[in-house]
Colleague: 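Sharing a structure, written as C-alpha cells. Questions coming.
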Amino acid sequence: MTMTFQDSQNAFAAALLHPDLPLPHGITTARGTADPLRFAVYRNNVHFSLTTALAQRFPVTQRLVGPDFFTGMARAYAADHKPASPLIMHYGDDFPAFIAAFPPAASVAYLADVARIEVAWSQAYHAADGPPLEVAQLAAIAPERIADLAVTPHPSTRLVRSDFPAGSIWSVHQGETVVPVGEWRAEAVLIVRPQMQVEIRILPEGDAEFLACLLRGAALGEAAEAAFAVAADFDFGSALIGLTTLGAFSAFEPLEGEVS
Amino acid sequence: MSMSKDRTAALPQRAGLGLKPEHYATILADRPDVGFFEVHAENYMGAGGPPHRYLEAVADLYPLSLHGVGLSIGAARPLDREHLKRLRMLVDRYRPQSFSEHLAWSTHDSGFLNDLLPLPYTAETLARVIDHVDETQQWLGRRMLLENPSTYLLFSESTIDEIDFLAAVASRTGCGLLLDVNNVMVSAVNHRLDPVAYIDRFPIERVGEIHLAGYDETFDGAGDRLLIDAHGSAVRPDVVELFRHTLSLSGPLPTLIEWDNDVPDFATLHAEAVRADAMLSAAAPRRSVTRAA
C-alpha cells in the first residue's frame, strides 16, 4: 500500500511538530538509512524561525524577562500556535493572552500588558495609510451637532488599558539605560501612526474612557458623559482636540440611523 | 505568455542585494551602485506603513525582484487563493522585473510552518507542482522562476532526479528557473553528489536568476558533513568557485547575494555584490547556440 502525496506530507508535518513521534516513513539519506539529526534540522528551523519572529515583534517583553526565559515562553507558544498565514508580521497577535495564562510568567504581572502594547505597535506600523482628521475640520462642525457625531478611528489607532504602568514600563525599556518608573499606577496607552512614525501616548483617565467609548462607536456626547463619570476633571474640548491632533481619527460621521 | 507593456523585460545581468529595513535609509541617501534589489514578498503584504513607503522609493531607483517564500508550491494541498491575490496585488503595484518562488512546501492544516520543506520527486508530485506553477502564472499574468531547493534528507519513494523534475516543470509550464548555487553546494554535499556535475546537467538556458549565500556546517548522525542553508554569512569560497563555473556555462545572469540573518552593515553587504559584479563582468556573454547534450 502506498501513501498519497497528501498523506505523506501530513505525516511529515506531524513528525515535525511533535518530537515525540517517530520519524516520518520514507525519509532516507545517501547512506540508505534515515537520520534523526537530519530531520531535526527541519524541526529546529521551524522552532527557530517562529521564536525569532516573536523576539523581533516583542523586544521589550524579551528585555523584561531576559532572552532565555523569553525563548522558553516563545517555544511553548509556538508549539501550539502556528502562524495562520505566511504573513509573519501578524504572528503573535494572541501571544499576550498566552503570556497572561502562562504560569511561569505570573510573577511579572504587567508582562502581558507590555506585550499588548507591542502587538498594537506593530499593528499600527503595518496599518493602512490615510490622512488623519485635522483640527480645522473639527472647527467647521456646528457646535450644536457635535455631541451627536461619532468618529471613524484612524486605521492605526489602538488603545491599551492596563492595571499597571505598562506604557511607562514600555517607554523606559526603549534604550540601554533603564530608569525606574515614576509612579506605579494604572495606565491607558494610545498607539497611533498618523504618518510614518508610530506614536505612543499615555492618556489621562478621562481621555482614555472617552476614546474607549468612541472606539466602540459611541457618539461624542455619550462618550464625554462616560468620561466625566470616571474623571471629574475631564475636559471635552481639550480631549477632542488633543486626540485629533495626535491623529487618532480619520473622520466624523453622523451616528448610524440618524438623518443628517 | 504576453507581458504587460509597461513592465521592463528583465533584471540586469548584474549583482543584486536583498533589501533589508536596517539599510533603507543608507540606500536612499547614498544611492549605491547595485544592479537590483530583491524583497521577500510576504514582508510587504501589510496594508500600509513604512515598508511600502520605502519599497516604493527603492523601486523608483532600482530594478526589483519579488521573491516569494510562502506560496507552498510543493504542497499536496491546493494553493491558497488569498495568498495568490496578495501576490497579484504586489505584482500590480510594484511591477517587479522578476517573480520567483521555491520548489518546497510550508503550509499545512496546522498553519504556516515558516520553513522551506522538501518533497519527494514522483510522477504524482510532479503533476501537482506543474498545476501549481501553471495556476500561479495565470494569476499573476506573467512567467515565474522556480528555485532549486537545499535539502537535508531524501525520500525513498522518489523516482525522478531533481534536475529532471525541475526541467520537466519548466518545459511543461514555460516557467524559468532560479539557480541557487549555494543550494546546489548544500544539497550536493548532503547527498554525496558532485556539485559541478549538478551544474553541468542543469537546464542552464532556463535560468533567469542566480542566488548566492553563505552556508553553515555541521555533522549528521553518522558523522558525515552536513551543510545548512543559513544565509547568515558571506558566500563561502567553494560556492564562489562553483558560481564561476556556472558563469562559464551560462554567461552573466542577474545574481542575488542573500544575507538574511545576522545582517551586516551595508558596506559589508555591498562588498559581496562588488565581488560578484567583477565575476559577472569577466564572464563571456551567453552563447546563443544550444548547449551540447
Side-chain angles (χ1 to χ4, degrees), chain A residues 2-10 12-14 16-17 23-46 48-50 52-53 80-91 122-130 155-156 193 196-198, chain B residues 40-43 45-54 68-72 74-77 80 82-83 86 105-120 122 124-125 127-128 151-158 190-193 218-222 224 226 228-229 261:
Chain A
T2 54
M3 287 171 96
T4 67
F5 185 20
Q6 184 67 69
D7 289 341
S8 75
Q9 224 156 45
N10 287 343
F12 193 98
L16 198 62
L17 301 174
L23 293 184
H25 178 74
I27 62 167
T28 187
T29 64
R31 296 188 299 271
T33 52
D35 183 341
L37 282 191
R38 286 172 174 248
F39 190 70
V41 174
Y42 292 106
R43 277 185 180 140
N44 289 339
N45 281 351
V46 171
F48 178 79
S49 73
L50 296 181
T52 301
D80 292 321
H81 302 75
K82 295 296 176 291
S85 83
L87 278 66
I88 294 299
M89 65 186 73
H90 298 321
Y91 183 52
S122 53
Q123 287 179 343
Y125 185 82
H126 292 290
D129 300 316
S156 68
R193 183 182 57 78
M196 285 296 117
Q197 190 84 30
V198 179
Chain B
H40 288 177
E42 286 72 13
N43 290 342
M45 289 181 173
H52 286 290
R53 180 70 61 92
Y54 283 111
V69 296
L71 188 54
S72 206
R77 56 169 31 220
D80 177 357
E82 291 308 309
H83 201 63
R86 291 189 286 255
W105 63 284
S106 52
T107 296
H108 180 252
D109 294 342
S110 57
F112 178 67
L113 301 173
N114 206 27
D115 192 26
L116 297 167
L117 299 166
L119 59 148
T122 67
E124 185 187 9
T125 67
R128 192 63 53 94
T151 56
Y152 310 113
L153 51 77
L154 301 170
F155 293 89
S156 46
E157 66 185 291
S158 285
N190 291 348
H191 308 313
R192 297 183 179 173
L193 302 170
T218 182
F219 296 97
D220 76 357
D224 284 350
L226 185 69
I228 309 289
D229 183 30
N261 299 305

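So you know, we letter chains A, B, ... as the sequences are listed, proteins then strands, and number each from 1. These numbers come from a predicted model, not from an experiment.
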Colleague: For B/L226, which atoms come within 4.5 Å of any heavy atom of chain A: side chain, backbone, both, or neither?
Modeller: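 Contact with chain A involves the side chain of B/L226 alone.
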Colleague: Select one option (side chain, backbone, both, neither) describing which atoms of B/R77 are under 4.5 Å from chain A's heavy atoms.
Modeller: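 It is both, since atoms from each part get that close.
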Colleague: So for A/F39, is it side chain, backbone, both, or neither that comes closer than 4.5 Å to the heavy atoms of chain B?
Modeller: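 For A/F39, backbone and side chain are both near chain B.
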Colleague: Identify which part of A/I27 has an atom lying under 4.5 Å from any heavy atom of chain B, answering side chain, backbone, both or neither.
Modeller: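 For A/I27, backbone and side chain are both near chain B.
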Colleague: Go through the atoms of A/M196 and report whether side chain, backbone, both or neither lie under 4.5 Å from a heavy atom of chain B.
Modeller: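 For A/M196, heavy atoms of backbone and side chain both lie under 4.5 Å from chain B.
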Colleague: Given the rule in the side chain to side chain contact (heavy atoms under 4.5 Å, CB included) test, do B/M45 and A/S85 qualify, once you have shown the distances and angles that lead to the verdict?
Modeller: CA-CA 11 Å; B/M45 289 181 173; A/S85 83; over 6 Å; no
Colleague: On the 0 to 90° scale, with breaks at 30° and 60°, tag the A/F12-B/F155 ring pair as parallel, tilted or perpendicular.
Modeller: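 It falls in the tilted class, 30° to 60°.
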Colleague: When only pairs under 4.5 Å are counted, which of B/G49, B/G221, B/G46, B/S72 shares the most heavy-atom pairs with chain A?
Modeller: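 The candidate making the most pairs under 4.5 Å is B/G49.
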Colleague: Taking C-beta and beyond as the side chain, do B/N114 and A/Y91 meet within less than 4.5 Å on heavy atoms?
Modeller: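 In short, these two side chains do not touch, never coming nearer than 4.5 Å.
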Colleague: Between A/Y42 (side chain) and B/Y152 (backbone), is there a donor-acceptor pair under 3.5 Å?
Modeller: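 Flag set: sc A/Y42 to bb B/Y152 pair under 3.5 Å.
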Colleague: List in chain and number order the residues that pass side-chain contact (heavy atoms from CB on, under 4.5 Å) with B/T125, two or more places apart in sequence or in another chain; answer none if no residue qualifies.
Modeller: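 Per chain and number, B/T125 pairs via side-chain contact (heavy atoms from CB on, under 4.5 Å) with A/F5, B/L119, B/P120, B/T122, B/F165.
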Colleague: What residue in A/V198, A/T52, A/D35 has the most heavy-atom pairs under 4.5 Å with chain B?
Modeller: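 Ranked by contacts with chain B, first place is A/D35.
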Colleague: Need one label for A/R38: side chain, backbone, both or neither, based on atoms under 4.5 Å from any heavy atom in chain B.
Modeller: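 For A/R38, backbone and side chain are both near chain B.
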Colleague: For A/H25, does the NE2 atom have more than 12 heavy-atom neighbours from other residues, nucleotides or ligands under 6.0 Å away?
Modeller: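 Counting other residues, nucleotides and ligands, NE2 of A/H25 stays at 12 neighbours or fewer.
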Colleague: Test side chain to side chain contact (heavy atoms under 4.5 Å, CB included) on B/H83 and A/L87 and set out the steps.
Modeller: CA-CA 9 Å; B/H83 201 63; A/L87 278 66; 4.2 Å; yes
Colleague: Just wondering, do A/S8 and B/E157 contact through their side chains at under 4.5 Å, heavy atoms?
Modeller: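 With C-beta onward as the side chain, the pair touches.
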Colleague: Considering only heavy atoms and a distance below 4.5 Å, find which of A/A14, A/A124, A/A127 pairs most often with chain B.
Modeller: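 Going by pairs under 4.5 Å, I would pick A/A127.
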Colleague: Is a donor on one side and an acceptor on the other found under 3.5 Å between the side chain of B/S156 and the backbone of A/G26?
Modeller: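 Yes; at least one donor-acceptor contact below 3.5 Å.
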Colleague: So what's closer than 4.5 Å to chain A heavy atoms on B/N261: side chain, backbone, both or neither?
Modeller: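 Contact with chain A: none, neither part.
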Colleague: So what's closer than 4.5 Å to chain B heavy atoms on A/V46: side chain, backbone, both or neither?
Modeller: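 For A/V46, the contact with chain B is made by backbone and side chain together.
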Colleague: Salt bridge between A/R31 and B/D224, side-chain N to carboxylate O under 4.0 Å?
Modeller: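 Salt bridge: yes.
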Colleague: How close do A/D129 and B/G48 get, counting heavy atoms only, and between which atoms?
Modeller: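 Looking at all heavy atoms of both residues, the shortest contact is OD2-CA, 3.7 Å.
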Colleague: How close do B/R86 and A/P86 get, heavy atom to heavy atom, and via which atoms?
Modeller: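 In terms of heavy atoms, the two residues are closest at NH2-CD, 4.0 Å.
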Colleague: What part of B/I228 is in contact with chain A, defined as an atom under 4.5 angstrom from a non-hydrogen atom: side chain, backbone, both or neither?
Modeller: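 B/I228 touches chain A through side-chain heavy atoms alone.
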Colleague: So what's closer than 4.5 Å to chain A heavy atoms on B/A75: side chain, backbone, both or neither?
Modeller: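 For B/A75, backbone and side chain are both near chain A.
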Colleague: Measure across B/G111 and A/K82 and return the closest heavy-atom pair with its distance rounded to 0.1 Å.
Modeller: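 Closest pair (atom of B/G111, atom of A/K82, distance): CA-CB, 4.0 Å.
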Colleague: Are the side chains of A/I88 and B/F112 in contact, using a 4.5 Å heavy-atom criterion?
Modeller: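 B/F112 reaches A/I88 side chain to side chain.
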Colleague: Pick one of side chain, backbone, both or neither for A/N10, based on which atoms fall under 4.5 Å of a heavy atom in chain B.
Modeller: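 Both backbone and side chain.
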Colleague: Let me know if B/T151 has heavy atoms under 4.5 Å from chain A in its side chain, its backbone, both or neither.
Modeller: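 It is both, since atoms from each part get that close.
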Colleague: May I ask you to test the B/H108-A/L16 pair for a side-chain heavy-atom distance under 4.5 Å?
Modeller: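 Sidechains of A/L16 and B/H108: no contact.
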Colleague: Could you list the residues that satisfy side chain to side chain donor-acceptor pair (under 3.5 Å) with A/R43, not counting sequence neighbours?
Modeller: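 None.
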Colleague: Step by step, would you call B/L113 with A/L17 a side chain to side chain contact (heavy atoms under 4.5 Å, CB included)?
Modeller: CA-CA 9 Å; B/L113 301 173; A/L17 301 174; 3.8 Å; yes
